[in-house]
> 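Right, I'll just put the structure down here and ask away after.
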Number of protein chains: 2
Amino acid sequence: MIDYQDSRPIYEQIADHYKRLILVGAMNENDPMPSVRQLAVELATNPNTVQKAYALLEREGYIYTVRGKGNFVRGGDTLVENHKNEILEKLVMILKEAKEFSLNLRELVDEALGRIEK
Amino acid sequence: MIDYQDSRPIYEQIADHYKRLILVGAMNENDPMPSVRQLAVELATNPNTVQKAYALLEREGYIYTVRGKGNFVRGGDTLVENHKNEILEKLVMILKEAKEFSLNLRELVDEALGRIEK
DNA sequence: TACACTGTATTAGTACCGATAGTACAGTTG
DNA sequence: CAACTGTACTATCGGTACTAATACAGTGTA
């Protein structure tokens with residue numbers, strides 16, 4: 001699951017992995033996350049690294065923590081909605097840049113969509 | 001021109017500044033760039049930092065260097081075209097992610113465009 | 001209560017990056 | 001030759017990101 005060739009930090013890879021599982025519906029509300037220690041052993045990394053990943057996920061609203069018990073998946077449509085907004089934000093940023101340089105936004109978007117459909 | 005509050009490195013800010021000037025047409029083909037040493041003095045920074053910015057601009061095709069003479073703006077439509085492609089790439093990346101999570105691309109794009117028009 | 005599990009906090013080591021500095025080299029122009 | 005261009009290389013300093021080791025703290029249960 002961890003790709004050491006990948007330049008992205010381990011904690012980020014872990015976070016993204018579970019973010020994906022949750023958004024896709026492979027994990028549901030209140031499902032327990034693996035314990036910090038257990039996952040650290042599995043991934044042959046340090047509990048702190050896992051913890052950093054979990055902290056990130058918590059900040060972004062994907063999981064919640066109960067001291068002494070564990071981490072659990074936070075459910076609801078809010079998650080999907082938040083994720084959608086994240087993507088929307090990025091999209092707006094890029095399009096704003098394009099607009100600054102007088103590019104034709106519609107044309108740009110259509111071209112992009114075209115490349116994906118295939 | 002340099003914003004020390006900005007977390008982005010100085011050399012990147014310099015590069016972006018001139019990239020913008022060139023793309024917008026404020027600088028034209030074969031216009032001379034300020035000399036490395038001169039610009040360093042102006043910006044109260046180090047010649048090496050400016051050089052790093054110029055090296056970046058050269059790698060990306062925005063300027064060309066003539067040993068002993070200086071750096072000059074590389075012109076032509078290629079630049080605008082390249083920049084457009086850069087943006088297009090980013091756009092495709094984001095939309096691909098959105099698609100993975102079964103988001104409605106058209107809807108997403110329209111929402112983004114809507115936010116910009118204002 | 002004791003133990004085994006959970007997460008939390010602190011500190012330390014390592015590595016990398018950005019910026020600066022100094023110095024030396026090389027081509028161009030007048 | 002002098003004064004300007006860019007180029008190359010090395011060294012250093014400071015900050016920050018990442019990971020690790022270790023100790024601390026809450027929860028649940030036999």
Side-chain angles (χ1 to χ4, degrees), chain A residues 1-19 21-22 27-75, chain B residues 1-19 21-22 27-75:
Chain A
M1 166 181 150
I2 296 182
D3 179 4
Y4 289 96
Q5 311 309 322
D6 195 332
S7 67
R8 295 184 321 158
I10 296 175
Y11 79 90
E12 205 175 304
Q13 293 186 44
I14 297 175
D16 277 6
H17 177 74
Y18 283 96
K19 199 187 285 190
L21 288 185
I22 294 170
M27 296 187 76
N28 300 109
E29 185 156 13
N30 298 324
D31 278 358
M33 297 284 286
S35 93
V36 168
R37 287 165 214 275
Q38 176 194 330
L39 188 55
V41 172
E42 270 181 41
L43 302 180
T45 184
N46 193 279
N48 273 324
T49 304
V50 177
Q51 153 99 12
K52 194 163 182 180
Y54 281 12
L56 183 60
L57 287 171
E58 196 186 11
R59 249 186 296 135
E60 295 182 343
Y62 288 90
I63 63 178
Y64 64 91
T65 297
V66 183
R67 246 186 118 91
K69 297 191 70 174
N71 289 275
F72 305 88
V73 175
R74 196 185 286 286
Chain B
M1 169 182 148
I2 296 181
D3 178 5
Y4 289 95
Q5 312 308 322
D6 194 332
S7 67
R8 294 183 322 157
I10 296 175
Y11 79 91
E12 205 176 302
Q13 292 186 44
I14 297 175
D16 276 7
H17 177 75
Y18 283 97
K19 199 186 286 191
L21 288 185
I22 294 171
M27 294 187 78
N28 300 109
E29 185 156 15
N30 299 323
D31 279 358
M33 297 283 288
S35 93
V36 168
R37 290 172 161 86
Q38 176 195 331
L39 187 55
V41 172
E42 269 182 40
L43 302 180
T45 184
N46 193 282
N48 275 323
T49 304
V50 177
Q51 158 125 10
K52 195 164 181 179
Y54 280 13
L56 182 60
L57 287 172
E58 195 186 11
R59 248 186 297 134
E60 295 182 343
Y62 288 91
I63 62 178
Y64 64 91
T65 296
V66 183
R67 248 186 117 89
K69 296 191 68 174
N71 289 275
F72 304 87
V73 174
R74 195 185 288 286

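The figures here come from the full heavy-atom set of this structure, side chains too, leaving out hydrogens, waters and symmetry mates. In what follows, chains are A, B, ... by sequence order, proteins preceding strands, each numbered from 1.
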> Taking only side-chain nitrogens and oxygens of A:Thr45, does any of them come within less than 4.0 Å of OP1 or OP2 of D:dA20?
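Answer yes for this pair, as a side-chain N or O of A:Thr45 is under 4.0 Å from OP1 or OP2.
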> Using heavy atoms to find the nearest nucleotide of DNA chain D for A:Ile10 and A:Pro47 separately, return the residue whose nucleotide is more 5′.
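Nearest nucleotide further toward 5': that of A:Ile10.
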> B:Lys69 has an atom NZ; how far is it from atom P of C:dG27, in whole Å?
15 Å
> Can you tell me the distance, in whole Å, between the OH atom of B:Tyr64 and the P atom of D:dG6?
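Nearest whole value for this atom pair: 13 Å.
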> Nearest-nucleotide wise, let me know which of A:Gly68 and A:Lys52 is further upstream toward the 5' end of DNA chain D.
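Result of the comparison: A:Lys52.
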> If the cut-off is 4.0 Å, is A:Thr65 near the phosphate of C:dG7, judged by side-chain N/O to OP1 or OP2?
no
> Starting at atom CG of A:Leu57, determine the distance to atom C1' of C:dG7, rounded to an integer number of angstrom.
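Interatomic distance, CG of A:Leu57 to C1' of C:dG7: 15 Å.
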> Looking at the base of C:dA19, is there any donor atom on it, or on the side chain of B:Asn48, that sits under 3.5 Å from an acceptor on the other one?
no
> Using whole Å, what does the distance between atom P of nucleotide C:dG22 and atom CD of B:Gln51 come to?
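Going from B:Gln51 (CD) to C:dG22 (P), I get 17 Å.
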> Before giving the answer on side-chain contact (heavy atoms from CB on, under 4.5 Å), spell out for B:Leu57 and B:Arg74 the whole-Å C-alpha distance, their side-chain angles and the decisive distance to 0.1 Å.
CA-CA 10 Å; B:Leu57 287 172; B:Arg74 195 185 288 286; over 6 Å; no
> Of the non-hydrogen atoms in B:Val73 and B:Met27, which two are nearest, and what is the gap between them?
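B:Val73 and B:Met27 have their closest heavy atoms at CG2-CE, 3.9 Å.
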> Between C1' on D:dT7 and CG on B:Asn46, what's the gap in Å once rounded to a whole number?
14 Å
> Do any side-chain nitrogens or oxygens of B:Tyr11 fall under 4.0 Å of OP1 or OP2 in C:dG18?
yes
> Whole Å only: how far is the CG atom of B:Leu43 from the P atom of C:dA19?
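From B:Leu43 CG to C:dA19 P: 12 Å.
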> Let me know the distance between CZ of B:Phe72 and C1' of D:dG6, rounded to the nearest Å.
11 Å
> Quick one: is B:Thr49 getting a side-chain N or O under 4.0 Å of the C:dG18 phosphate, OP1 or OP2?
no
> Let me see the working for B:Ile63 and B:Tyr18 under side-chain contact (heavy atoms from CB on, under 4.5 Å), right down to the final yes or no.
CA-CA 10 Å; B:Ile63 62 178; B:Tyr18 283 97; over 6 Å; no
> Whole-Å distance between D:dA17 C1' and A:Leu56 CG?
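Going from CG in A:Leu56 over to C1' in D:dA17 covers 14 Å.
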> What about A:Arg37: does its side chain form a donor-acceptor pair under 3.5 Å with the base of C:dT6?
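Per atom types, the contact qualifies.
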> Can you tell me how far the CZ atom of A:Arg37 sits from the CD atom of A:Gln51, to the nearest 0.5 Å?
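Rounded to the nearest 0.5 Å, the CZ-CD separation comes out at 10.0 Å.
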> Among B:Val50, B:Leu43, B:Thr49, whose side chain to side chain contact (heavy atoms under 4.5 Å, CB included) with B:Asn46 holds?
B:Thr49
